[in-house]
Amino acid sequence: MKQFSAFIKKEFLEQLRSGKVMLLGTLCCLFGIMNPATAKLLPRLLVMMSEQLAENGMHITEIQVDALTSWTQFFKNIPILLIVFIVMFSSILTAEYQKGTLINVITKGMKRWKILISKLLTMFVFWMAGYLITFGITYGYNAYFWDNDIALHLWLAAFGYYLIGVWLISVVLLASVILKSSSGVTLFVGAAFAVSYFLGFLPAFREYVPTFLLSSNKLLMGVIHSDECLVALGITFFLIILNGFLSVLFFNKKTI
């Protein structure tokens with residue numbers, strides 16, 4: 001247990017010293033502020049552009065801005081934050097291959113599954129912290145300027161996006177076990193997301209893929225109901241567990 005705790009501590013310290021956490025925290029705060037700020041400034045920007053738009057035959061009517069406008073912006077920006085996160089942590093295991101540090105750890109008796117769990121926990125904690133910062137800032141500003149109650153099923157929509165991040169983190173771990181380069185891991189994760197996304201266009205698979213949880217706008221406006229997301233939630237949980245199991249299975253047989 002001491003080895004496991006020490007390895008987790010090492011993981012957290014490495015991420016802190018690398019500057020990734022500082023960059024991630026800054027981006028999360030920036031996105032959190034930018035969502036309500038964009039909604040608040042949108043009418044003014046359109047008024048400033050009204051003359052130019054009128055010359056092109058476009059006339060601006062009165063624009064109503066509320067918390068729903070800000071939350072729509074939030075769910076547009078989270079995928080960008082997730083992409084940055086995946087790129088940042090795509091080398092969390094492959095860097096160990098290149099430096100050869102895993103050999104010393106394993107020869108000292110550290111179980112391989114403990115190495116993977118420590119990597120997984122590190123990514124989970126930083127993703128959860130970053131997501132909560134962004135969500136919390138946006139929620140606070142929206143509550144101050146407007147009323148968050150206008151957004152239906154807000155907590156489910158937010159949890160769906162968070163769970164997508166957890167699923168992709170599990171894919172990062174699996175890809176890191178199979179591949180030896182961070183670029184390969186990033187491409188693998190992108191391919192997994194693309195497969196799920198395009199399967200979502202097929203009616204037969206639409207509600208059975210993780211990316212169905214990205215239907216935030218439809219949830220917020222009540223176009224779809226919360227019970228329609230239950231199957232996608234269950235499948236996403238299953239895929240997270242499956243990716244973790246396969247990661248341990250392949251890593252135990254991997255030559256390092």
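Index from 1, following the sequence.
Cluster annotation: Phe85 is not connected to Met22 through the hydrophobic network of ILVMFWY side chains, with a link wherever side-chain heavy atoms come within less than 4.5 Å. When hydrophobic clusters are built by joining Ile, Leu, Val, Met, Phe, Trp and Tyr residues whose side-chain heavy atoms come closer than 4.5 Å, directly or via intermediates, Ile115 is grouped together with Leu179. Both Phe124 and Val171 are members of a single hydrophobic cluster when ILVMFWY side chains are connected at heavy-atom separations under 4.5 Å. Neither Ile241 nor Leu116 shares a network with the other; the hydrophobic side chains, linked directly or stepwise wherever heavy atoms of I, L, V, M, F, W or Y lie under 4.5 Å apart, form separate groups for each. In the hydrophobic cluster analysis, where Ile, Leu, Val, Met, Phe, Trp and Tyr join through side-chain heavy atoms closer than 4.5 angstrom, Leu120 is grouped together with Ile178.
Looking at heavy atoms from C-beta onward, Tyr161 lies out of side-chain contact with Leu82 at the 4.5 angstrom threshold. Residues Trp167 and Asn243 have side chains in contact (heavy-atom distance under 4.5 Å, counting atoms from C-beta outward). A 4.5 Å side-chain heavy-atom check between Leu81 and Leu24 finds at least one atom pair inside the cut-off. When side chains are defined from C-beta on, Leu220 counts as touching Leu68, because their heavy atoms get closer than 4.5 Å. Between Phe74 and Pro36, every side-chain heavy-atom pair lies at or beyond the 4.5 Å cut-off.
In terms of heavy-atom proximity, Val172 sits nearest to Ser176 at O-OG, 2.7 Å. In terms of heavy-atom proximity, Lys40 sits nearest to Trp146 at CD-CZ2, 3.9 Å.
No donor-acceptor pair closer than 3.5 Å links the side chain of Lys20 to the backbone N or O of Gln15. Using modelled atom types, no side-chain atom of Ser182 and backbone atom of Ser90 make a donor-acceptor pair closer than 3.5 Å. The closest donor-acceptor contact from the side chain of Lys119 to the backbone of Ile92 lies under 3.5 Å. At distances below 3.5 Å, not a single donor-acceptor pair connects side-chain atoms of Ser91 with backbone N or O atoms of Thr94. Counting only distance, with no hydrogens or angles, the side chain of Asp147 and the backbone of Ala143 share no donor-acceptor pair below 3.5 Å.
Aromatic ring orientation, His225 versus His153: perpendicular (interplanar angle above 60°, classes split at 30° and 60°).
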> Please walk me through it: do Leu202 and Arg206 pass side chain to side chain contact (heavy atoms under 4.5 Å, CB included)?
Replying inline: CA-CA 6 Å; Leu202 303 176; Arg206 178 175 170 267; over 6 Å; no
> Given Met88 and Leu23, is the side chain to side chain contact (heavy atoms under 4.5 Å, CB included) satisfied, shown in steps?
Replying inline: CA-CA 10 Å; Met88 279 185 179; Leu23 177 59; 3.1 Å; yes
> Between Phe145 and Asp66, is a side chain to side chain contact (heavy atoms under 4.5 Å, CB included) present by the stated rule, with each step listed?
Replying inline: CA-CA 8 Å; Phe145 289 121; Asp66 50 29; over 6 Å; no
>> Show, in sequence, the C-alpha distance, side-chain angles and deciding distance for Leu121 and Glu11, and conclude whether the side chain to side chain contact (heavy atoms under 4.5 Å, CB included) test is met.
In response: CA-CA 9 Å; Leu121 282 176; Glu11 285 298 318; over 6 Å; no
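Within the model, atoms CG of Asn142 and CD1 of Ile137 stand 11.5 Å from one another, a figure rounded to the nearest 0.5 Å. Atom CD1 in Ile78 sits 11.0 Å away from atom CD in Gln73 (nearest 0.5 Å). With rounding to the nearest 0.5 Å, the separation of CG in Leu13 from OG1 in Thr122 is 10.0 Å. Rounded to the nearest 0.5 Å, atoms CD1 (Ile224) and CD (Glu207) are 8.0 Å apart. Between the CE atom of Met123 and the CG atom of Leu168 there is a distance of 11.0 Å, given to the nearest 0.5 Å. Separating the SG atom in Cys28 from the OH atom in Tyr131 is a distance of 11.0 Å, to the nearest 0.5 Å.
With ring centers used as reference points, Phe12 lies under 6.0 Å from Phe126.
Atom OH of Tyr141 sits in a sparse spot, with 12 or fewer heavy atoms from other residues, nucleotides or ligands closer than 6.0 Å. Around atom NZ of Lys218, no more than 12 heavy atoms belonging to other residues, nucleotides or ligands sit under 6.0 Å away. Within a 6.0 Å sphere centred on OH of Tyr208, heavy atoms belonging to other residues, nucleotides or ligands number 12 at most.
Between the side chains of Ser70 and Asn35, no donor-acceptor pair of N or O atoms lies under 3.5 Å.
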Could you give the side-chain donor-acceptor pairs of residues 192-199 under 3.5 Å, partners two or more places apart or in another chain?
residue : atom : partner : partner atom : Å
Ser196  : OG   : Thr211  : N            : 3.3
Ser196  : OG   : Thr211  : OG1          : 2.8

Solution key, residues 229-240 side-chain donor-acceptor pairs under 3.5 Å, sequence neighbours excluded:
residue : atom : partner : partner atom : Å
Thr236  : OG1  : Ala232  : O            : 2.6

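Between Glu96 and Lys10 a salt bridge is recorded (basic side-chain N to carboxylate O distance below 4.0 Å).
Residue Phe135 is tested with Tyr162, Trp127, Trp71 for a ring-ring contact (aromatic ring centres under 6.0 Å, His included); the sole match is Trp71.
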